[in-house]
2 protein chains.
Amino acid sequence: MSKPGYHHGDLESALLQGAVNRVRLVGAEKVSLRAIAGDLGVSPSAAYHHFPDKDALLTAAGFAAIDKLADQQELALSMISVIGVDGALARFRALGRSYVDFALNEPHLFRLAFGGHCVIPDGTDSEAPTRAWTILTAALDELVNEGLLKFEFRQKSEILVWSAVHGVATLILEGKLPPEAADDLFDSLAQMLGLGNE
Amino acid sequence: MSKPGYHHGDLESALLQGAVNRVRLVGAEKVSLRAIAGDLGVSPSAAYHHFPDKDALLTAAGFAAIDKLADQQELALSMISVIGVDGALARFRALGRSYVDFALNEPHLFRLAFGGHCVIPDGTDSEAPTRAWTILTAALDELVNEGLLKFEFRQKSEILVWSAVHGVATLILEGKLPPEAADDLFDSLAQMLGLGNE
DNA sequence: AAAATATCTATACAGTGTAAAGATACCGAC
DNA sequence: GTCGGTATCTTTACACTGTATAGATATTTT
């Protein structure tokens, strides 16, 4: 299944990987299908047997980028073994930090992922809850369990937290906010979530 | 200064306007310099006497889009004449709503404005406080003056509010959150800002 | 082994951004 | 006014893009 001969074995995932690599380096709007194919020593037209067109390949790469973000978040979470209140808070913060870090370390992948290429069809809830969403809700659950977040605030907190973290990442990336804004935001979030308790 | 003859008078702003129009319709990555020039009945190369390259033109169009967003916000603000506490709250909400509305009504302009084309050089504070920023701080000032927001929370609220609103706009636009998420977010924000008082 | 199919290549075409050189209209100096 | 210089625009050309079509090659099926 890897490379059993002339037919290259698994061009589809090789193309995807190549697309991700190229986007990572130069950004989505400056990657050419021909370059990706060239990297793999393959004719430009070869891609059309696996993806309907260039845009579809980039979209697939975008979803791969979203997955990489989720990977990084889970990795960041896994490195915090503290339990209890402190653990819950640390994990919450690590989640935001890894999100922003991904945006700043991989700006091109981040923009590809959230820049119009990977729009969900907008139909009624497509019942595809995104790994990022799942990860976030788990962290908020923990905050609730530890008594750090009032249960009735949890639902709305999901939207607030994700929006704020995504927003600050984007705005820093675009130079609209300074990098320190991220930590300030995390402070505000922690503080405000906590305030619901007293 | 408008159209005094063959030299077209003011090609530069005509190109800019044309670029904005085209981006508005089909999105930045599908607009061609030649099409913009064609709309104006002008040769493709003509643009190069006014902009170093296509990217620069699109960047200018992006900043124009940012300005349109600010216009829309100020217009939304101007339509609320209520004074006092209710007015401050209404204006705060209208600010968020107009921001999200702009993103949803003009997705291509919004993406151009915040999708990497208009990055501030990232140098130390470039002392260019953006109209959006000014507008936001004014609204928060009013909240403080009306006693709806604790003074010590104001500074950090700037980042929180702008990030959250920008984030929710983006995530709705990309299909990651449903449209109703915006109102939920405004509820949370109003509630949480208010909580700092009791 | 032969036929059918999936995969890849070769070729070609219209469209792109943009560099270079030539034409045209304007503008200030005499 | 006329003349020369300059900004503006056109023409032409080139390298490059995505992708459609048709042909070659390897794999799979029968």
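Keep in mind that this is a model prediction, so the values were computed, not measured. No hydrogens, no waters, no symmetry mates; every other heavy atom, side chains included, goes into these values. Chain identifiers are assigned alphabetically (A, B, ...) following the order of the sequence lines, protein sequences preceding nucleic acid strands; residue numbering begins at 1 within each chain.
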Rounded to the nearest Å, what distance is computed from the [atom1] atom of residue [X] to the [atom2] atom of nucleotide [N]?
X: A:L57; N: D:dT19; atom1: CG; atom2: P; value: 10 Å
X: B:L58; N: C:dT16; atom1: CG; atom2: C1'; value: 13 Å
X: B:L15; N: D:dT8; atom1: CG; atom2: C1'; value: 12 Å
X: B:Y48; N: D:dT12; atom1: OH; atom2: C1'; value: 15 Å
X: A:K54; N: D:dC16; atom1: NZ; atom2: C1'; value: 12 Å
X: B:K30; N: D:dT17; atom1: NZ; atom2: P; value: 19 Å
X: B:E29; N: D:dG18; atom1: CD; atom2: C1'; value: 15 Å
X: B:L11; N: C:dC26; atom1: CG; atom2: C1'; value: 15 Å

Please say whether more than 12 non-hydrogen atoms of neighbouring residues, nucleotides or ligands are located less than 6.0 Å from CD1 in B:I83. no

Does atom CZ of B:R24 have more than 12 heavy-atom neighbours, drawn from other residues, nucleotides or ligands, at distances under 6.0 Å?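 Incorrect, the count does not exceed 12.
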
CZ-CZ distance between B:F102 and B:F110, expressed to the nearest 0.5 angstrom: 8.0 Å

Nearest to the side chain of [X], which nucleotide is it out of [options]?
X: A:S45; options: D:dT21, D:dT17, C:dT18; value: D:dT21
X: B:H50; options: D:dT8, D:dG18, C:dG17; value: D:dT8
X: A:S43; options: D:dT17, C:dT9, C:dA20; value: C:dT9
X: A:L33; options: D:dT11, C:dT7, D:dT19; value: D:dT19
X: B:V42; options: C:dT18, C:dC8, D:dT10; value: D:dT10
X: B:R34; options: D:dA13, D:dT19, D:dT11; value: D:dA13
X: A:D53; options: C:dG17, D:dT19, D:dG18; value: D:dT19

Any idea which heavy atoms bring B:S188 and A:K156 closest together, and the distance?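 Distance-wise, the nearest heavy atoms are OG-CB, 3.1 Å.
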
Most 5' of A:H49 and A:V31 on DNA chain D, judged by nearest nucleotide: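 Residue closer to the 5' terminus by nearest nucleotide: A:V31.
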
No-hydrogen, no-angle side-chain donor-acceptor test under 3.5 Å, B:S98 and B:D101: no

5'-most contact on DNA chain C: A:A46 or B:P44, nearest heavy atom basis? A:A46

